[in-house]
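The block underneath contains the structure these notes are about, expressed in structure tokens.
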Number of protein chains: 2
Amino acid sequence: METTAALKALGALAQETRLGIFRRLVQAGPGGLAAGAIGEALDVPAPTLSFHLAQLANAGLVRSRQEGRFVFYSADFDAMNGLVGFLTENCCGGNLCAPQAAACGPTITTRKGTKR
Amino acid sequence: METTAALKALGALAQETRLGIFRRLVQAGPGGLAAGAIGEALDVPAPTLSFHLAQLANAGLVRSRQEGRFVFYSADFDAMNGLVGFLTENCCGGNLCAPQAAACGPTITTRKGTKR
DNA sequence: CCATTATTTCGATCAAATTGGAAATATGGA
DNA sequence: TCCATATTTCCAATTTGATCGAAATAATGG
């Protein structure tokens with residue numbers, strides 16, 4: 001992820017309502033949620049919600065798809081991974097995150113070096 | 001890291017000049033740089049620089065210490081780690097980062113342009 | 001003290017983001 | 001077609017953010 005995209009993603013998440021929306025979408029999983037369901041869950045008026053969803057979409061953090069009368073929004077996990085990668089590089093200068101790698105969790109090393 | 005702190009950190013980094021300042025400080029390492037050196041490196045007028053440094057400090061991403069006539073600013077790596085951890089949890093719902101764990105990975109994504 | 005350098009505060013101005021009501025635009029069903 | 005529901009666009013008010021000159025504050029050495 002390059003700087004411009006990272007700036008847009010950071011800006012998109014740096015707002016309470018949008019961060020709430022995104023968290024909700026992450027929680028909802030790949031299927032996402034209909035716009036109305038998000039607005040109801042977070043108690044955000046439709047026009048305001050639409051505005052924020054557009055910002056998130058423009059930043060590449062969410063995707064939308066029409067399904068019947070509904071528009072479903074879902075988190076773009078790849079984009080989020082890209083952002084985390086960008087920050088990790090900016091935090092660590094391209095190397096491992098300092099002291100604790102807690103952020104990367106108990107994890108994943110799917111059996112040694114099987115990258116990808 | 002709690003939501004409020006994460007929002008402040010995201011907001012602090014979601015600005016071109018501030019992101020540039022922070023990257024420079026990360027690159028400078030724990031010792032940091034004098035305010036003047038940062039301003040000169042990034043060509044930012046003193047008042048503007050002071051404003052942005054204050055924002056970064058308020059967000060907890062940088063620390064400052066007086067040294068002689070200079071005020072040195074340095075990146076707070078723990079805070080940055082905290083932010084990455086927060087995003088990772090919000091990206092993965094507290095579990096593994098989806099498909100590829102590239103960000104945490106075996107690393108060394110020495111990409112051209114990472115430097116400087 | 002005084003001069004010099006480093007940084008911050010003040011203040012004014014301009015630009016951009018956020019908000020939500022009212023109205024417009026889909027979409028699918030009766 | 002007409003209706004009901006879902007979502008977006010339009011618009012205008014309000015708030016918040018960014019910029020930087022000028023002046024103020026801090027630190028040091030002469």
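Every chain is numbered from 1, with letters handed out A, B, ... down the list of sequences.
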> So how far is it from B/N90 CG to A/L19 CG, rounded to the nearest 0.5 Å?
Replying inline: 6.0 Å
[N] [atom2] sits how many Å from [X] [atom1], rounded?
{"X": "A/R65", "N": "D/dT8", "atom1": "CZ", "atom2": "P", "value": "14 Å"}
{"X": "A/Q66", "N": "D/dT8", "atom1": "CD", "atom2": "P", "value": "9 Å"}
{"X": "A/E40", "N": "D/dT5", "atom1": "CD", "atom2": "C1'", "value": "13 Å"}
{"X": "B/Q15", "N": "C/dA16", "atom1": "CD", "atom2": "C1'", "value": "12 Å"}
{"X": "B/L49", "N": "D/dC20", "atom1": "CG", "atom2": "P", "value": "11 Å"}
{"X": "A/F72", "N": "C/dT27", "atom1": "CZ", "atom2": "C1'", "value": "14 Å"}
{"X": "B/I38", "N": "C/dT8", "atom1": "CD1", "atom2": "C1'", "value": "14 Å"}
{"X": "A/L53", "N": "C/dT19", "atom1": "CG", "atom2": "P", "value": "13 Å"}

Is there a side-chain contact between [X] and the phosphate of [N], meaning an N or O under 4.0 Å from OP1 or OP2?
{"X": "A/H52", "N": "C/dA17", "answer": "no"}
{"X": "B/Q55", "N": "D/dT16", "answer": "no"}
{"X": "A/R18", "N": "C/dT18", "answer": "yes"}
{"X": "A/T48", "N": "C/dT18", "answer": "no"}

Side chain [X], main chain [Y], donor-acceptor under 3.5 Å:
{"X": "B/T88", "Y": "B/V84", "answer": "yes"}
{"X": "B/N58", "Y": "B/A54", "answer": "no"}
{"X": "B/E2", "Y": "B/T4", "answer": "no"}

> Who passes salt bridge (Lys or Arg N to Asp or Glu O under 4.0 Å) against B/E67, sequence neighbours left out?
Replying inline: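 Per chain and number, B/E67 pairs via salt bridge (Lys or Arg N to Asp or Glu O under 4.0 Å) with B/R65.
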> For B/R63, what residues pass the salt bridge (Lys or Arg N to Asp or Glu O under 4.0 Å) criterion, not counting sequence neighbours?
Replying inline: B/D76
Can you give me the N/O atom pairs linking the protein to nucleotides 3-6 of chain C at distances under 3.5 Å, or say none if there are none?
| residue | atom | partner | partner atom | Å |
| --- | --- | --- | --- | --- |
| C/dT4 | O2 | B/R69 | NH1 | 3.3 |

> Is there a side-chain contact (heavy atoms from CB on, under 4.5 Å) between A/L25 and A/L61 once you walk through the steps?
Replying inline: CA-CA 10 Å; A/L25 290 179; A/L61 288 169; over 6 Å; no
> In chain order, what residues pass the side chain to side chain donor-acceptor pair (under 3.5 Å) check against B/T3, with sequence neighbours excluded?
Replying inline: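 Once residues adjacent in sequence are excluded, the partners of B/T3 under the side chain to side chain donor-acceptor pair (under 3.5 Å) criterion are A/R23.
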> Which residues satisfy the side chain to side chain donor-acceptor pair (under 3.5 Å) test with A/R24, sequence neighbours excluded?
Replying inline: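 By the side chain to side chain donor-acceptor pair (under 3.5 Å) rule, A/R24 matches no residue at all.
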> Which is true for A/Y73 with a 4.0 Å heavy-atom rule: it touches a base, it touches only sugar-phosphate, or it touches nothing?
Replying inline: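 The residue A/Y73 makes sugar-phosphate contact but no base contact.
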>> Within the 4.0 Å heavy-atom criterion, would you say B/G39 contacts the bases, only the backbone, or no part of the nucleic acid?
In response: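 No contact.
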Give each protein N/O atom lying under 3.5 Å from an N/O atom of nucleotides 10-15 of chain D, with the pair distance.
none

